[in-house]
K.L.:
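Sharing a structure here in structure tokens format.
In listed order, ligands and their atoms are each counted from 1.
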Amino acid sequence: MSFVQYEPKGDIGYLVINRPEALNALNAQVLSELDAALDAVDLELIRCLIVRGAGEKSFVAGADIAQMKGLDPAQGEAFGKQGNDVFLKLEHFPIPIIAAVGGYALGGGCELAMACDFRICSDTAVFGQPEVGLGITPGFGGTQRLARLVGPGMAKQMIYTARNIKADEALRIGLVNAVYPAAELYAAAEKLAAQIAANAPIAVRACKQAINEGFALPIDDAVVCEERAFGSCFQTADQQEGMGAFLEKRKHDPFTNH
Ligand code: COA
């Protein structure tokens, strides 16, 4: 793999989009390497992933415009499906994924970040869906996930105008959870990932699944997703230890993923 590096570090895994000469733009090879990198994650060991871009300038500056220029409609649709399939795999990945956005997150970069569980960014970050300025629509989920995250009015304004927004505006509209000085971004991501990794992994995974499954459902059906998730945690070693430790007024042992 040359454009995507997977670096496990303890119980946290880093996915690094590593094509800095093109500001980490997503071509078909990057997407297929990202897909393969997800398959390589050891889910017994790793409890949280962080996705970031290589270099200081860019998270991901979009789908690869040079590769897209000559596509016909069927090829365009297939490229969109390739991106959507990988991003759905991220969205449904069993463990949480944090997008640490340092620099440009445009087009496919914004879409990649939105497929993660949540986003934090540097004060140098720039988000946007510039596609209509290139004569296309967003193609890797932008027309769908942006509206779900920031509401349809703001999503439509961003997409129709193709105007980029800076970190402070991304924070204001709820596209990112927090903004950090650029030099502190990855340490902050690692701290968040470590907090997640310290909690009971089966419970964290069940929360991700319940939130994802229930989000698009009416509340009466959505709470059923939660009941399933809730029930699945009982009689696990981690539930026994977590509750036992509370009742015995002691610190719980490290959770085991069992
Ligand atoms: N696809 C392909 N190549 C890209 C790219 C993309 N989405 N974004 C950047 N690159 C390449 C540039 O072509 C350039 O390559 P070169 O050195 O071979 O000429 C290199 O990355 C550096 O980009 P450059 O434009 O010179 O950097 P900059 O600092 O002047 O501008 C951006 C940075 C992000 C504002 C600008 O690169 C840009 O607008 N990129 C396209 C963003 C976009 O529209 N994305 C959505 C695509 S659907």
Side-chain angles (χ1 to χ4, degrees), residues 1-5 15-35 51-88 90-91 99-116 119-150 154-170 173 175-176 179 182-183 185:
M1 288 196 293
S2 52
F3 288 151
V4 177
Q5 292 168 347
L15 286 168
V16 184
I17 310 298
N18 184 30
R19 198 188 168 207
E21 65 282 3
L23 301 183
N24 305 321
L26 303 172
N27 61 19
Q29 187 182 339
V30 181
L31 291 172
S32 86
E33 288 185 15
L34 181 56
D35 188 60
V51 179
R52 67 176 182 86
E56 292 179 0
K57 201 169 163 183
S58 183
F59 175 69
V60 164
D64 189 307
I65 298 168
Q67 193 176 66
M68 287 190 292
K69 167 79 169 56
L71 300 184
D72 65 26
Q75 290 167 328
E77 193 171 332
F79 187 49
K81 179 164 169 40
Q82 186 190 7
N84 277 334
D85 286 350
V86 182
F87 289 6
L88 281 170
L90 280 169
E91 184 163 293
V101 177
Y104 293 110
L106 301 176
C110 189
E111 291 166 316
L112 170 61
M114 291 192 294
C116 297
R119 293 138 292 287
I120 61 173
C121 74
S122 66
D123 52 10
T124 56
V126 178
F127 294 82
Q129 297 289 161
E131 288 87 349
V132 295
L134 296 162
I136 57 172
T137 68
F140 298 163
T143 58
Q144 307 307 314
R145 289 195 181 89
L146 189 58
R148 284 168 163 78
L149 279 169
V150 303
M154 186 58 76
K156 286 175 174 175
Q157 181 177 330
M158 282 180 64
I159 290 171
Y160 300 166
T161 63
R163 187 179 69 84
N164 294 339
I165 61 170
K166 293 184 177 162
D168 56 347
E169 192 171 353
I173 66 174
L175 185 54
V176 300
V179 181
L185 174 66

K.L.:
So among I17, V51, L23, which one has a side chain to side chain contact (heavy atoms under 4.5 Å, CB included) with F59?
P.N.:
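The option that passes is V51.
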
K.L.:
Please could you name the atoms of ligand 1 that P130 approaches to less than 4.0 Å, counting only its heavy atoms?
P.N.:
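Those qualifying, in numeric order: 43 (C), 44 (O), 45 (N), 46 (C).
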
K.L.:
With no hydrogens and no angle check, is any side-chain donor or acceptor of Q144 less than 3.5 Å from a backbone partner on G141?
P.N.:
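No; zero donor-acceptor contacts below 3.5 Å.
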
K.L.:
Taking only heavy atoms of E131 into account, list the atoms of ligand 1 that are under 4.0 Å away from them.
P.N.:
48 (S)

K.L.:
Would you indicate whether the side-chain heavy atoms of L31 and F87 approach each other to under 4.5 Å?
P.N.:
yes

K.L.:
Hey, is atom 45 (N) of ligand 1 under 4.0 Å from any protein heavy atom?
P.N.:
yes

K.L.:
Would you call L175 and L146 a side-chain contact if the rule is heavy atoms closer than 4.5 Å?
P.N.:
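The answer is yes; the side chains approach within 4.5 Å.
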
K.L.:
As a test of understanding, state which of E33, Q5, R52 forms a side chain to side chain contact (heavy atoms under 4.5 Å, CB included) with N18.
P.N.:
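Answer to the side chain to side chain contact (heavy atoms under 4.5 Å, CB included) test with N18 among E33, Q5, R52: Q5.
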
K.L.:
Would a search of protein heavy atoms around atom 37 (O) of ligand 1 find one under 4.0 Å away?
P.N.:
yes

K.L.:
Mark whether atom 26 (O) of ligand 1 lies under 4.0 angstrom from at least one protein heavy atom.
P.N.:
no

K.L.:
Hey, is the main chain of S58 close enough, under 3.5 Å, to the side chain of N24 for a donor-acceptor pair?
P.N.:
yes

K.L.:
Does atom CD of Q75 have more than 12 heavy-atom neighbours from other groups under 6.0 Å away?
P.N.:
yes

K.L.:
Report the nearest protein non-hydrogen atom to atom 40 (N) of ligand 1: residue, atom name, distance rounded to 0.1 Å.
P.N.:
A61 O, 4.3 Å

K.L.:
Counting heavy atoms only, which of A25, A63, G107 comes nearest to atom 47 (C) of ligand 1?
P.N.:
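Nearest heavy atom to atom 47 (C) of ligand 1 lies in A63.
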
K.L.:
Give a yes or no on whether atom 23 (O) of ligand 1 lies under 4.0 Å from any heavy atom of the protein.
P.N.:
yes

K.L.:
Tell me whether atom 34 (C) of ligand 1 lies less than 4.0 Å from at least one protein heavy-atom position.
P.N.:
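Flag for atom 34 (C) of ligand 1 set to true, protein heavy atom closer than 4.0 Å.
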
K.L.:
Quick check on contacts: which atoms of ligand 1 are under 4.0 angstrom from a heavy atom of E21?
P.N.:
20 (C), 21 (O)

K.L.:
Within ligand 1, which atoms have a heavy atom of L134 less than 4.0 Å away?
P.N.:
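Reading through ligand 1 atom by atom, the close ones are 44 (O), 47 (C), 48 (S).
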
K.L.:
Pull out every atom of ligand 1 sitting under 4.0 Å from any heavy atom of K57, numbered as shown with elements.
P.N.:
27 (O), 28 (P), 29 (O)

K.L.:
State the atoms of ligand 1, each with its element, that fall below the 4.0 Å cut-off from a heavy-atom position in A22.
P.N.:
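Numbered from 1, ligand 1 contributes 4 (C), 9 (C), 10 (N), 11 (C), 21 (O).
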
K.L.:
Please report whether atom 20 (C) of ligand 1 has a protein non-hydrogen atom at a separation of less than 4.0 Å.
P.N.:
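Looking at atom 20 (C) of ligand 1, one finds that a protein heavy atom does lie closer than 4.0 Å.
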
K.L.:
Looking at non-hydrogen atoms alone, which of I65, D64, V132 comes nearest to atom 41 (C) of ligand 1?
P.N.:
I65

K.L.:
As an exercise, identify every atom of ligand 1 less than 4.0 angstrom from a heavy atom of L106.
P.N.:
34 (C), 42 (C)

K.L.:
Nearest protein heavy atom to atom 1 (N) of ligand 1: under 4.0 Å?
P.N.:
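So far as the 4.0 Å threshold goes, atom 1 (N) of ligand 1 is in reach of a protein heavy atom.
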
K.L.:
My understanding is that only residues two or more places apart in sequence, or in another chain, count here; which of them pass side-chain hydrogen bond (donor to acceptor under 3.5 Å, both in side chains) with R19?
P.N.:
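Applying side-chain hydrogen bond (donor to acceptor under 3.5 Å, both in side chains) to R19 gives D64.
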
K.L.:
Quick one: which ligand 1 atoms are inside 4.0 Å of a heavy atom on M68?
P.N.:
48 (S)

K.L.:
State the CD-OG1 distance between E111 and T143, to the nearest 0.5 angstrom.
P.N.:
8.0 Å

K.L.:
What's the separation between atom CD in Q82 and atom CG in N27, rounded to the nearest 0.5 Å?
P.N.:
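Interatomic distance, Q82 CD to N27 CG, rounded to 0.5 Å: 8.5 Å.
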
K.L.:
Per the salt bridge (charged side-chain N to carboxylate O under 4.0 Å, His left out) rule, what does the pair list look like for residues 133-146, sequence neighbours excluded?
P.N.:
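Of all non-adjacent pairs touching residues 133-146, those that pass salt bridge (charged side-chain N to carboxylate O under 4.0 Å, His left out) are E91-R145.
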
